[in-house]
Amino acid sequence: MSRVLGEALKVVARCRPMSRKEEAAGSERILAMDVKLGQVTLQNPKAAPGELAKTFTFDAVYDASSKQADLYDETVRPLIDSVLQGFNGTIFAYGQTGTGKTYTMQGVWADPEKRGVIPNSFEHIFTHISRSQNQQYLVRASYLEIYQEEIRDLLAKDQSKKLEVKENPETGVYIKDLSSFVTKNVKEIEHVMNLGNQTRSVGSTNMNEYSSRSHAIFVITVECSETGLDGEDHIRVGKLNLVDLAGSERQSKQGGQGERPKEASKINLSLSALGNVISALVDGKSTHIPYRDSKLT
Amino acid sequence: PEIIGNTENCMFVWVFISRFAINNLGILWSERGEIKTAQTFLESAETLYNQYMKENGNPPLDPNEHFMAEEEKLKDQERSKRFEKAYTHTLYYLAQVYQHLEMIEKAAEYCHTTLKRQLEYSGYYPVEWALNAATLSQYYLTKQCFMESRHCLAAANVIFSQAGQAPSAEDNETEQDQQDLRQRKAEIARCWIKYCLTLLQSARKLLEDNIGELDPDRQSELKAQRKKEEDEKEKGRKKAVLFGTSDLCDSILATEEKVSCLYPLDFQEAREVFLVGQNYVNEAKEFFQFDGYVTDHIEIIQDHSALFKVLAFFEEDYERRCKMHKRRVDMLEPMYVDLNPQYYLLITRQLQFELADTYYEMMDLKVAIGNRLEELDSHTIKKINSLAQLAVKYYELFLDSLRNPDRIFPEKLEDDVLRPAMVAKFHIARLYGKLITSDGKKQLENMQTSLEYYTFLVDYCEKHPEAVQAIETELELSKEMVGLLPTRMERLRAKLSPFT
């Protein structure tokens, strides 16, 4: 029996403090945050006279002085609670390279004050489980990476095998043959994550560039079994997706030219792109355009 | 730039221009000015090539050759190959330039020529070439150019089969590669399905009258016109850009002859196109199975259903038509039952609506068949009622899918569901009006329900006047019924209880 689950979407913005380099260079602060109103205001330093600052409103806003624990308690804790109840949740950090995504998501594991969303989530989940009385829990973890239209299972022994996205009529989209591991405590799930992180960095010469162009998704599945009043076992399954998105800055094929104001209309010199040119001519409705590479689009 | 008569200079200028243009193109541009510049250079290169080949015919010396010793100079064949390959690229770049300038027809023409030259001069990868040709065929479909579309598809089939034949140069051709090959073949089959479907649907548009039935006068007109145009078609074909060297040409022609590119004008012709489409459906389904490729599989089945629907248009006999619609229900319903609407909401709604429409169509046919008999027998009545109820069931399921999590029907409907929702309400109203019962009380109930649904439409359009243009015809009829029904119901009530 299927239920339409009430899934809410929350968008939260966080600003990092200026780095030492930026302060030393005398960089101007162009961002102002109003935590009470949940607003971010951008002032263009090169603005024409009379140009107004732009203001954006979010569900919550965290300025440079915000603490990891505050962010977790206000924004993430309720989500983890609902996953433990059997709902699905996804957290992802979006932003350019260098804006602090990793600090927010991972933080400094060793420092309890500086732990990020992920270690705090792990702690939260297993603390809840250890306190539960009438329920049986099973926690599984999977870790996959998407890079250049290919999916990699970061936990698989055979790294040469690329994974496929498939669809099941009953359960929807899934990744075929994605491995998952049962984890019984924080140490074990941390271990799984580290394993995956190590695999991630293997096989790329420039780690920074690589991680800034690939997405990684850590999936935690929490199964809870409870004996109901009717004497039957009721099972709830909640899924938590922790997504580390690629840097959102424009990836320039010509090597770091930076941003261009308009869509780059570059001529492709190689005939291998002929297919893309032809596809672009077809105006979709009563036609079928054959897939070229993968089903990830 | 002027075209210089001297061939040596001609060659220098050509090489200079095309090389310069190519360098230009490597630069990112954001202003239209630069695209136009590239266009000028490339078109000049094109003109020079044509001029030069007309006057001379032999490939010019590659510029590097001027600095080589005699024995190092390229052989004629190699020189020719490089020259032609460079020109193919010129045309390919022009295709992209035209695309950016939104001159789509010209872009397509140049893509077509590029493909042709790939077969004749450059190397090509069979699978990639086949997919590109199949994609180009879809462009031609949007322009109703069925001859060109068919040619591209036939060529795709022939060239693709070359891939299967090549001895696995890499002996570690993995299972993945085999699967990729099968998938690509199935993709090409899907392009063929669209070809057959579009050809049939376009023919239908030409032949139908204002109530959606085949107009025999139009049919005769078009048949006569076709006879006249037979000569024109032949000339057209000779002028068209055809693929392939002579042996390829024969294979392509053989494939083309399996299906027509002319509008089918009667049932026989329609059926032939239908059967080709159905074959490709079966081929595509083999790879894109339901479990694993839900979305793709359903799209293929929807196409199959559409093929039956359009074939039914050409079928004169109502019973046989009904059987065709029954085939549609039989293929759509099992998929619908197994789908989880939580993950496939859009597809679920599409299927609900299509199933409802199909049952509705079948009911209408049974009524029409019944009207030809002296009187309706109980079997036919039962059939009509059952079909009507099934249609209602699916329209209701569709409408239910629009409710919010609290099960309340939305106050205002989104643009993309507005018309279908209104049509569903309208059809339900009409269906309750079609139910046949000898029980007067039941009949009153049906009329009441009917009235409620017609009223809903009228009320909604009053509250949301912007919705009117989406359902003008239905609204008109609904207003009429809202006026007529109460009176009819009164009369019936009076008849049923004359003594109170």
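Quick note on labels: first sequence line is chain A, next is B, and so on, each numbered from 1.
Contact of B/Glu102 with chain A is not made at all, since no heavy-atom distance falls under 4.5 Å. Of the two parts of B/Ser137, neither the backbone nor the side chain holds a non-hydrogen atom closer than 4.5 Å to a non-hydrogen atom of chain A.
Using the six-membered ring where Trp is involved, B/Tyr280 and B/Trp192 have ring planes that are parallel, under 30° apart on the 30 and 60° scheme. Between B/His151 and B/His112, the angle of the ring planes stays under 30°, which puts this pair in the parallel group of the 30/60° scheme.
Judged by distance alone, with hydrogens and angles left aside, the side-chain atoms of A/Glu226 form no donor-acceptor pair with the main-chain N or O of A/Gln135 at under 3.5 Å.
For B/Arg190 and B/Glu299, the salt-bridge test passes: some basic side-chain N is under 4.0 Å from an acidic carboxylate O.
Of the listed residues (B/Asp338, B/Asp296, B/Ile347, B/Leu115), the greatest number of heavy-atom pairs within a distance under 4.5 Å of chain A belongs to B/Asp338. Between chain A and the options B/Tyr92, B/Tyr343, B/Tyr140, heavy-atom pairs under 4.5 Å are most frequent for B/Tyr92.
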